[in-house]
Amino acid sequence: MSTRVRFAPSPTGFLHVGGLRTALYNWLFARQQGGSFILRIEDTDQSRRKEGALENLLEALEWAGLDVDEGPQAGGKLGPYVQSERLEIYHRHVQQLLDDGHAYRCFCTPERLEQLRDRQRKMGVASRYDRHCRNLPPGDAEARAADETSIIRLAVPESGRIVFEDIVRRKVAFDLETVDDQVLLKGDGFPTYHLANVVDDHLMQVSHVIRGEEWLPSMPKHLLLYQAFGWEPPRFAHLPLLLNKDRSKLSKRQGTVAVEEYRTQGILPGALINFIALMGWHDQSDQDIFGVEELVQAFSLERVQKSGAIFDTEKLHWINGQHIRRLSLPEFREAIQPYFDTQWDVTEAMAAAVHTKVSLLSDVPDLLAFFFEDPVVYDDDAREALTGAEAAGILSMLLAKLDESTDPSRAGPSTDLSGEWFMSTVKAIGEDFGLKGRELWHPIRAAIAGRVVGPDMITIVETFGLEKCRERIRAALAAA
RNA sequence: GGCGCAUUCGUCUAGGGGUUAGGACGCCGGCCUCUCACGCCGGUAACAGGGGUUCGAAUCCCCUAUGCGCUACCA
């Protein structure tokens, strides 16, 4: 039997980074096994419908590089892949359950159920459905259903024990006494997750269900359904959760969870994938930086971690920096292009000058802004450097040297050597003043770039030319 | 409350009867150096607690604690 896995998100508007991790593990497993990666949309909750959600989802998956073999867009023989288009299938199957006595109609109103829960909570007992409708004669129930709204519930055996082998957690067991008569079909005719996912996974011939740990408690219900249908269940792997800093389930309120936002922050898709793969999985090596192909090779469900992992943004940024540095210069230049909102002409030299300085692509524009701002804008550190004790002296001497060198009557340095000439000139000045390092360079950087940190001076000087450097030094001197 | 799952440096993790408990991020120090970075070198820091089993337990077993998840006509 071939490996078939699925990612089955509900379209709530954006792809959650935890969802991306689940999708990634499914995808890695499929690619490694030479199997199929299926995308199925679980939109059985009509109240949660969101416009454009599917498009966002597909775009995020594509950006991340997780290509879909079968799905709403990709097509496939076992579709449709959107649950709201499969209602007839669920009705047929739930009817079979009804006929076989594995399910029953329930006429209890939501109000009654709520009161029941309230009472149970006050008494401090487990809150469960009291099986009020479970023993209605099936004939009577069908008759009532003609003009009364009803739902359909799973008839869970009163006793027994369900044991199964989870790939990640090994043996997991539940007593049936604690399992509720789960709703399978809702009053609006839509199935619940429990019914739909079992029916679809079977019909779509899913071999491995790889999903979040939050589904572990539903396992007895799902296994009971497979039993009731007489189907062989797939293998299951429940993934540990992604956590906030306080160890609660990763949520919007405490940080960035939308994949799209990481993209706009300047995280490379390969870096996000690398980072997220390592949250809950690790091979035996000490390797930290993985390309996607390496992950496909190395991944294994057996080595998935059992406990949740806190999402550590610092480490994500470091990994992103590593991936950025592995980009070739042309690739890097292309990657940063979308982060400039103006029509700046970022040269290869400019890109090269910041290639090792950033951990987020979105940091680049700030570092290069002074190339395009005119007049230059001094930041606080620059202003401080310009008022330092020796600043005026250094700058005056440099200005004098520049005046000499650019006087057309004298032999000045040729343009392509201007950077080197500038460096040696400044160093000579430094010797005169007995200064080096930041003492010497900060005032000069501040005058020319408006900042004390940034690209190397050779790039700056050769990009601007000596004449422009002279203007800016003169302006800085005048302002001080 | 009930049920389930989990627990190695602050974080991500390797290891799994005898190890100086390894790596990475972060942090601190140093080197390199035109600034900032990068890179390199070094340092800081962990087996939740208690009982067993054993010559020996972080590792196996039990209990406790703590955390998290689920407990909907949400997924």
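Here is how names work: the chains are called A, B, and so on, in the same order as the sequence lines, proteins then strands, and each is numbered from 1. From a predicted model like this one, the values you see are computed outputs, not experimental measurements.
Atom OH of Y193(A) and atom C1' of rC74(B) are 12 Å apart (whole Å). Atom CG of L250(A) is separated from atom P of rC68(B) by 14 Å (rounded to the nearest Å). Atom C1' of nucleotide rA24(B) and atom CG of N274(A) are separated by 12 Å, given to the nearest angstrom. Rounded to an integer number of Å, the gap from CG of L116(A) to C1' of rU71(B) is 13 Å. If you take NZ of K50(A) and C1' of rC74(B), they are 13 Å apart, rounded to a whole angstrom. Rounded to an integer number of Å, the gap from CZ of R153(A) to C1' of rU71(B) is 13 Å. In this structure, the NZ atom of K306(A) is 16 Å from the P atom of rC12(B), given to the nearest Å. Atom NE2 of H222(A) and atom C1' of rA75(B) are 10 Å apart (whole Å).
Residue L278(A) is in sugar-phosphate contact alone, with no base atom involved, counting any heavy-atom pair closer than 4.0 Å across all strands shown. When heavy atoms are screened at a 4.0 angstrom cut-off, G124(A) is found touching the sugar-phosphate backbone but no base atom. Heavy atoms of F275(A) sit nowhere under 4.0 angstrom from any nucleic acid atom. Within 4.0 Å of K245(A), counting heavy atoms only, lies no atom of the nucleic acid at all. At a threshold of 4.0 angstrom between heavy atoms, the contacts of V183(A) are confined to the sugar-phosphate backbone, with no base atom among them. Heavy atoms of M457(A) sit under 4.0 angstrom from at least one base atom. Contacts of A173(A) with the nucleic acid, taken as non-hydrogen atoms under 4.0 Å apart, involve only primed sugar atoms and P, OP1 or OP2. Residue D45(A) is in sugar-phosphate contact alone, with no base atom involved, counting any heavy-atom pair closer than 4.0 Å across all strands shown. Counting any heavy atom pair closer than 4.0 Å across all strands shown, S127(A) reaches a base atom. Among the heavy atoms of the strands lying under 4.0 Å from G280(A) are primed sugar atoms or P, OP1, OP2 only; no base atom is included. Across all strands shown, T44(A) has heavy atoms under 4.0 Å from sugar-phosphate atoms exclusively, and none from any base.
Spacing between rA21(B) and rG15(B) at atom C1', rounded to whole Å, works out to 8 Å. rC36(B) and rC27(B): their P atoms are spaced 16 Å apart (whole Å). Nucleotides rA45(B) and rU11(B) are separated by 12 Å at their C1' atoms, to the nearest Å. Remark: the separation of the P atoms in rU8(B) and rG49(B) is 11 Å, to the nearest Å. Straight-line distance between the P atoms of rU13(B) and rC55(B): roughly 36 Å, to the nearest whole Å. Across rC73(B) and rC5(B), the matching C1' atoms stand 27 Å from one another, rounded to whole Å.
Below the 3.5 angstrom threshold, one finds a donor paired with an acceptor across the side chain of R445(A) and the base of rC34(B). Contact annotation: side chain of K357(A) to base of rC36(B), donor-acceptor pair present below 3.5 Å.
Remark: K436(A) is not in phosphate contact with rU35(B), judged by side-chain N or O atoms under 4.0 Å from OP1 or OP2. Side-chain nitrogen and oxygen atoms of S150(A) include none within less than 4.0 Å of the OP1 or OP2 phosphate oxygen of rC73(B). In this model, the phosphate group of rC73(B) is not approached by any side-chain N or O of T149(A) to a distance below 4.0 Å at OP1 or OP2. Between rG2(B) and R117(A), no contact under 4.0 Å exists linking OP1 or OP2 to a side-chain N or O. Contact between the side-chain N/O atoms of K186(A) and the OP1/OP2 oxygens of rC74(B) is found at a separation under 4.0 Å. For the OP1/OP2 pair of rU7(B) and a distance below 4.0 Å, the side-chain nitrogens and oxygens of Q305(A) include no atom meeting the criterion. Taking 4.0 angstrom as the limit, R247(A) places a side-chain polar atom (N or O) nearer than this to OP1 or OP2 of rU11(B). For the pair R112(A) and rC73(B), the criterion of a side-chain N or O lying under 4.0 Å from OP1 or OP2 is not met.
Residues satisfying the ring pair (Phe, Tyr, Trp, His ring centres under 6.0 Å) criterion with F372(A), sequence neighbours excluded, are W344(A). The side chain to side chain contact (heavy atoms under 4.5 Å, CB included) search around K249(A) returns E214(A), L241(A), not counting sequence neighbours. With sequence neighbours excluded, no residue forms a ring pair (Phe, Tyr, Trp, His ring centres under 6.0 Å) with H282(A). Residues meeting the ring pair (Phe, Tyr, Trp, His ring centres under 6.0 Å) test with F14(A), sequence neighbours left out: none. Under the ring pair (Phe, Tyr, Trp, His ring centres under 6.0 Å) criterion, Y262(A) pairs with F311(A), sequence neighbours left out.
The V453(A) side chain lies nearest to rU35(B) when the options are rU35(B), rC73(B), rU71(B). Taking every side-chain heavy atom of R303(A) into account, rA14(B) is the closest of rA14(B), rG4(B), rG69(B). Ranking rG22(B), rC5(B), rU11(B) by closeness to the D286(A) side chain, first place goes to rG22(B). Distance from the side chain of V172(A) is smallest to rC5(B) among rC5(B), rC73(B), rC74(B).
Summary of the strand contacts: A126(A) and D312(A) both lie near RNA chain B, and taking for each the nucleotide with the nearest heavy atom, the more 5' one is attributed to A126(A). In terms of position on RNA chain B, the residue among D288(A) and T356(A) whose nearest nucleotide sits closer to the 5' end is D288(A).
rG1(B) is paired with rU71(B) under the criterion used here, namely a Watson-Crick or G-U wobble arrangement in which both key atom distances are under 3.5 Å. Nucleotide rA46(B) forms a pair with no other nucleotide shown, judged by Watson-Crick or G-U wobble geometry with both contacts under 3.5 Å. Under the Watson-Crick and G-U wobble criteria, each requiring two contacts below 3.5 Å, nucleotide rU35(B) is left unpaired. Across the strands present, rG10(B) finds its partner in rC25(B); the criterion is a Watson-Crick or G-U wobble pair with both atom distances under 3.5 angstrom. rU59(B) makes up no base pair with any nucleotide shown, lacking Watson-Crick or G-U wobble contacts both under 3.5 Å.
Checked by atom type and distance alone, the side chain of D456(A) never pairs as donor or acceptor with a backbone atom of A353(A) at under 3.5 Å. Side-chain atoms of S362(A) come within 3.5 Å of backbone atoms of Q265(A) as a donor-acceptor pair (strictly under, hydrogens ignored). Checked by atom type and distance alone, the side chain of E294(A) pairs as donor or acceptor with a backbone atom of G291(A) at under 3.5 Å. A donor-acceptor distance shorter than 3.5 angstrom exists from the side chain of R86(A) to the backbone of P80(A), with no hydrogens or angles considered. One N or O on the side chain of R128(A) and one on the backbone of V179(A) form a donor-acceptor pair closer than 3.5 Å.
For the residue pair I151(A) and K186(A), the shortest heavy atom distance occurs at CG2-C, 3.9 Å. Between R48(A) and T12(A), the shortest heavy-atom contact is NH1-CG2, 3.6 Å.
Within residues 315-327 of chain A, the residues that have a heavy atom under 4.0 Å from RNA chain B are, in order of number, K315(A), W318(A), Q322(A), R325(A).
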